[in-house]
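Below: the structure, in structure tokens.
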Amino acid sequence: IPKAGPVPPTVVTTTPLDFATNVPRDTTVRARFSRPLDPATVTGSTFRLARPDGTFVAAAVTYETATNTAVLTPAAPLAFATTYTASLTTGITAADGVPLPSAVSWKFTTPPAPPTVTSTTPADGSTGIAVSVAPTATFSRDMDAATITAASFTLTKAGSAGPIAAAISYDATTRTATLVPAAALDG
């Protein structure tokens, strides 16, 4: 009966999971292995994180012996709305020198950038505004109209304790929220 050779290490789990979406931009990338590794083989050249254009993210790579986990920590937050590919090479070996049998890779995507206000009317700091003004805010991307309410879009008179009563609307075509005061503003 032939004697079985050493069992190669395998990847048991990855974090983030393959094809995960909305992964926080400050995530650490992890791969847990089936058996202990030679920590000297878990390096920035055997565990990498690539951008869509193939360039690699600057990162620190460490190995947690207690959990058999390789950890890649990016040096800076990842870009918004970007699909990254994590990869492990066969240069990673078990503590007894048996290599990972084949390269392993997985992908994940970071969330889209948060919306920004691209313009307002009247402009910030304006004076001499008509008492019938209906202020607007235009957004950089489509918004969920249900989130633009009298609690999230307010107009407050300087020195007053609370916002002015108003009706709020949102035009999805122009990405513009409009605040219509319930009464004419003080002149």
Side-chain angles (χ1 to χ4, degrees), residues 6-120 123-124 136-148 152-153 170-177:
V7 176
T10 59
V11 176
V12 177
T13 60
T14 62
T15 305
L17 294 172
D18 196 15
F19 298 109
T21 57
N22 291 317
V23 172
R25 296 173 55 228
D26 63 350
T27 195
T28 55
V29 182
R30 298 172 174 269
R32 189 166 63 84
F33 291 84
S34 59
R35 52 189 292 226
L37 300 180
D38 174 356
T41 66
V42 181
T43 68
S45 62
T46 59
F47 187 9
R48 292 183 168 182
L49 185 63
R51 296 177 187 89
D53 66 3
T55 61
F56 295 110
V57 172
V61 175
T62 58
Y63 178 67
E64 297 175 350
T65 55
T67 59
N68 299 335
T69 303
V71 180
L72 183 146
T73 305
L78 301 175
F80 285 110
T82 302
T83 298
Y84 290 90
T85 302
S87 61
L88 304 163
T89 73
T90 57
I92 293 175
T93 66
D96 61 4
V98 177
L100 194 61
S102 60
V104 175
S105 66
W106 67 101
K107 295 176 182 285
F108 63 89
T109 305
T110 54
T116 59
V117 174
T118 58
S119 67
T120 59
D124 187 29
T136 66
T138 302
F139 296 93
S140 60
R141 60 181 235 204
D142 294 340
M143 301 295 292
D144 178 351
T147 67
I148 301 174
S152 64
F153 186 23
Y170 176 70
D171 181 332
T173 304
T174 63
R175 299 179 179 155
T176 302

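All figures in this text were calculated on a predicted structure; none of them were measured in a lab. Positions are given from 1 along the sequence.
- Interatomic distance, OH of Y84 versus CH2 of W106, reported as 15.0 Å (0.5 Å rounding).
- Side-chain contact between T85 and L49: absent, with no pair of heavy atoms (C-beta onward) separated by less than 4.5 Å.
- Under the salt bridge (charged side-chain N to carboxylate O under 4.0 Å, His left out) criterion, D26 pairs with no residue at all, not counting sequence neighbours.
- Between the side chains of T176 and T138, at least one donor N or O sits under 3.5 Å from an acceptor N or O.
- Using modelled atom types and a 3.5 Å distance limit, the side chains of T10 and S34 yield a donor-acceptor pair.
- Here T147 pairs with nothing under the side chain to side chain donor-acceptor pair (under 3.5 Å) rule; sequence neighbours left out.
- The salt bridge (Lys or Arg N to Asp or Glu O under 4.0 Å) analysis of residues 65-81, with sequence neighbours excluded, yields no pairs.
- Under the 3.5 Å distance criterion, the side-chain polar atoms of T90 are left unmatched by any main-chain donor or acceptor of A103.
- Taking every heavy atom of both residues into account, F139 and A177 meet most closely at CE1-CB, 3.9 Å.
- In this structure a side-chain-to-backbone donor-acceptor pair under 3.5 Å is present from T41 to T93.
- Taking every heavy atom of both residues into account, I148 and S152 meet most closely at CA-OG, 3.4 Å.
- Applying the salt bridge (Lys or Arg N to Asp or Glu O under 4.0 Å) rule to pairs touching residues 92-101 yields R35-D96, sequence neighbours excluded.
- The stretch residues 45-55 participates, sequence neighbours left out, in no salt bridge (Lys or Arg N to Asp or Glu O under 4.0 Å) pair at all.
- Under the side chain to side chain donor-acceptor pair (under 3.5 Å) criterion, T116 pairs with S140, sequence neighbours left out.
- Shown here are the side chain to side chain contact (heavy atoms under 4.5 Å, CB included) partners of A70, two or more places apart in sequence or in another chain: F33, V42, F47.
- Heavy-atom minimum distance, V98 versus P9: O-CD, 3.4 Å.
- Legend: residues meeting side chain to side chain donor-acceptor pair (under 3.5 Å) with T120, ordered by chain and number and at least two apart, are absent.
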Determine all donor-acceptor pairs shorter than 3.5 Å in which one atom belongs to a side chain in residues 72-83; sequence neighbours excluded.
| from | atom 1 | to | atom 2 | distance (Å) |
| --- | --- | --- | --- | --- |
| T82 | OG1 | F80 | O | 2.8 |
| T83 | OG1 | T109 | OG1 | 2.8 |

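- Heavy atoms only, all atoms of each residue included: R141 and P112 are closest at NH1-CB, 3.6 Å.
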| field | Derivation and outcome, side chain to side chain contact (heavy atoms under 4.5 Å, CB included), residues L100 and L88 | value | CA-CA 9 Å; L100 194 61; L88 304 163; 4.0 Å; yes
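- Judged as a side chain to side chain donor-acceptor pair (under 3.5 Å), and not counting sequence neighbours, the contacts of Y63 are N68.
- Residue pairs meeting the salt bridge (Lys or Arg N to Asp or Glu O under 4.0 Å) criterion with at least one partner in residues 57-71, sequence neighbours excluded, are R30-E64.
- Remark: the backbone N or O of T67 is paired with a side-chain donor or acceptor of T69 at under 3.5 angstrom.
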For residues 12-21, tabulate all N or O donor-acceptor pairs below 3.5 Å that involve a side-chain atom, not counting sequence neighbours.
| from | atom 1 | to | atom 2 | distance (Å) |
| --- | --- | --- | --- | --- |
| T14 | OG1 | P16 | O | 3.2 |
| D18 | OD1 | K107 | N | 2.8 |

